[in-house]
Amino acid sequence: MPLDTSTYNLALLRVDGRRWNDLRRLHGQIRTQAAADGSSYLEMGNTKVMCVVTGPSESARRGGAGGGAGGPAASSSSSTATTPNGAEIAVTIVTGGFSTVDRKKRSRTDKRVQELQAGVAKALAGALHAHLYPRSTIAVSLHVLSQDGSLLACLVNASTLALVDAGVPMTDYLVACTAGSTSGHGAGDEGADPLLDLNGQEEQELPFLTLGTLGATDRVALLVCESRVQVGRLEGMMAVAADGCGHIRAALDRIVRDKGAQMVREGAIAKGESIGMDLD
Amino acid sequence: MPITILPPSVAQEPTRSLYQDGSQSDSDSDGGVDLDGDVSMGRPTKRARRDEAIVTPGEVITEDPQWMRGHGTYTIPEPPQIISSVAGTLSKTNKLLSVRPLRARYTPEIGDLVVGRIVEVQARRWRVDVGAALLAQLPLSAINLPGGIQRRRTETDELQIRTFFSEGELLVAEVQQLYNDGAAVLHTRSLKYGKLRNGVFMAVTGTGGGGGVVRARRQAFTLDISSSGAEGGEKIDVILGVNGYIWISKHIEGEGAAAESSGPGITRIEESVGLNVYSSQNDSIPLDTMREIARTRGVITALVENGLRVDEEMVTKGYQEAVEMARGEGEGDDSLWLGGEKGKRLADALVGR
């Protein structure tokens, strides 16, 4: 079924009943795997991603014999981003064959998957304080359980949650969100609304971009646009996406705070000092 | 059925049920789009945070220049602010502000008692996994020679380095020194330290995690198991490594990793270091002792699963409680399993819930 843009113009409702600036339901958990250093599970609408972080731990020995000696299986399937004098960030994405409607297995060496891996790794390298962990590797392993649009954004958000759980220092939450434009390339419709947080069907039909920011600021850490879009629309789309990122940051922050408050309540960690009163 | 499409009212704010960011949609100065109920595009204010239990990454802790930044924080020059970089609880030491993460890998500190596993043997040292970001190293010169002989390590020692420790073996050691990059150097030059045998290894979250080993007065202690009716030995040793690695073993009088805090120090090493401290051969362990070792392990697992701290007091109390529970239920060997509902009951009994 094609996305009927004329229907959108009548009711200003999208195929799933949202308005142009509605995010999908966002549900997340941290610390889902007890044995991992950090782990998370994130649902953005029907896109569902699980993330496990291992490390920082000592890098496999490099240099020595031929360079490629250290862990050939791992290095061939993951994309790494290195920081000067800091930890290496290795991202692996595994897509379940059941994650799309038509059962299709994407191999790990798929160009598309590698592109996603590299995108996540580079964006994380900019946000994490990796310089605190020289000679180490932070391995981020992402498992896609279900895909329905905004996959890259969901991967970025899930890895941020897992890294917060792992206690890896970062400048701010790295959050990402997609935005699209209701009219396609060529239509001279200047009043077209930008759309926030596209689902799978909308992604098929409309030009869209994925924008990642550092927290609720305008500092862009990731920008991916693979479709043709009129340059005049770009600013509106980016502004909407950046705003969506702010909301997602608030949602992720809530997940982390709820977990922290629960741990304090149960006495698992000592209560923090009440800085508010006597600090000012 | 007739379908009526109502004309839309003014675009609504995004679904808000999930986010209660508490911002009062104030001016979004430079954004091109003005969403209703917009989050303010600045850093979260301190005002909003007062009642929160923890701080999270990107949150401004203070703008007051009198404070210094510690671990888990970073500063920006303009405007001068101390900002948290991890999610955790705030701690103040005089004028130093730091954030203890909810959970993190172990960060070694000098004097920590750690349990580790040898992962690599090099010419004059071993590389030991202690659960930290980097492998720790144990120089050949930082171990006791069998028989307690005091001398320089020669080439002969280097050649037979694997007779002391080889790959995969477990040891208990102390952090002696730290490098700039955070890597630790260990030593085992005390009778309390050395190779581990006759027991079972388990790994839980280290310090800084919810429900893990905490730094305490004593990390290693002896547990009296006579109350359980065990006939073999009456004691087992428990070593709670600060890094979250735990070793539970049969107690051997006056040898090796025994935990007596008043045990012989470095001065009496000559006469007391036995020749078999580097043996990898287990002694025979009575069935009763094995059972109690397994029970202790179950107690620690239950403590961790229920988010309680693991230290001498909790393990000792938990063990007594587990013995009582087993006696009350009379389930025989089934009483060793302390997961799920039983673990919850044990934890509840311990904290008096």
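All chains are named by letter (A, B, ...) in the order of the sequence lines, taking the proteins before the strands, and each is independently numbered beginning at 1.
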> So, do Thr56(B) and Leu252(A) sit near enough that their side-chain heavy atoms are less than 4.5 Å apart?
Replying inline: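 Sidechains of Leu252(A) and Thr56(B): no contact.
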>> Donor-acceptor pair, distance only, cut-off 3.5 Å: does the side chain of Arg103(B) make one with the backbone of Asp37(A)?
In response: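 Side chain of Arg103(B) to backbone of Asp37(A): a pair is present.
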> Short question: side chain of Tyr74(B), backbone of Thr171(A) - any donor-acceptor pair under 3.5 Å?
Replying inline: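 Checking the backbone N and O of Thr171(A) against the side chain of Tyr74(B), a donor-acceptor pair under 3.5 Å is found.
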> What residues, two or more places apart in sequence or in another chain, satisfy side chain to side chain donor-acceptor pair (under 3.5 Å) together with Thr160(A)?
Replying inline: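 Here no residue qualifies.
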>> Is it the case that atom NE2 in His71(B) sees more than 12 heavy atoms from other parts of the structure closer than 6.0 Å?
In response: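 Not buried by this count: 12 neighbours or fewer within 6.0 Å.
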> When you look at CG of Asp181(B), are more than 12 heavy atoms from neighbouring residues, nucleotides or ligands closer to it than 6.0 Å?
Replying inline: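 Atom CG in Asp181(B) is crowded, with more than 12 foreign heavy atoms closer than 6.0 Å.
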Any idea which heavy atoms bring [X] and [Y] closest together, and the distance?
X	Y	result
Ala133(B)	Ser136(A)	O-OG, 3.7 Å
Pro101(B)	Gly167(A)	CB-CA, 4.5 Å
Pro57(B)	Met170(A)	CB-CG, 3.8 Å
Ala87(B)	Val256(A)	CB-CG1, 3.7 Å
Leu102(B)	Gly260(A)	CD1-CA, 4.0 Å
Pro169(A)	Val86(B)	CA-CG1, 3.6 Å

> Taking every heavy-atom pair that is under 4.5 Å apart, which of Ala35(A), Pro134(A), Ala87(A) has the most such pairs with chain B?
Replying inline: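 Heavy-atom pair counts peak at Pro134(A).
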> Among Ile138(A), Asp165(A), Val164(A), which residue forms the greatest number of heavy-atom pairs with chain B at distances under 4.5 Å?
Replying inline: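 Among Ile138(A), Asp165(A), Val164(A), the one with the most close pairs to chain B is Asp165(A).
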> For Glu305(B), which residues count as a salt bridge (Lys or Arg N to Asp or Glu O under 4.0 Å) partner, sequence neighbours excluded?
Replying inline: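 Glu305(B): no salt bridge (Lys or Arg N to Asp or Glu O under 4.0 Å) contacts found.
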>> How long is the straight-line distance from CZ of Arg135(A) back to CG of Leu135(B), given to the nearest 0.5 Å?
In response: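 Answer for the CG-CZ pair, Leu135(B) versus Arg135(A), is 8.5 Å.
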>> Does any backbone or side-chain atom of Ala203(B) lie under 4.5 Å from a heavy atom of chain A? Answer side chain, backbone, both or neither.
In response: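 Ala203(B) has no heavy atom closer than 4.5 Å to chain A.
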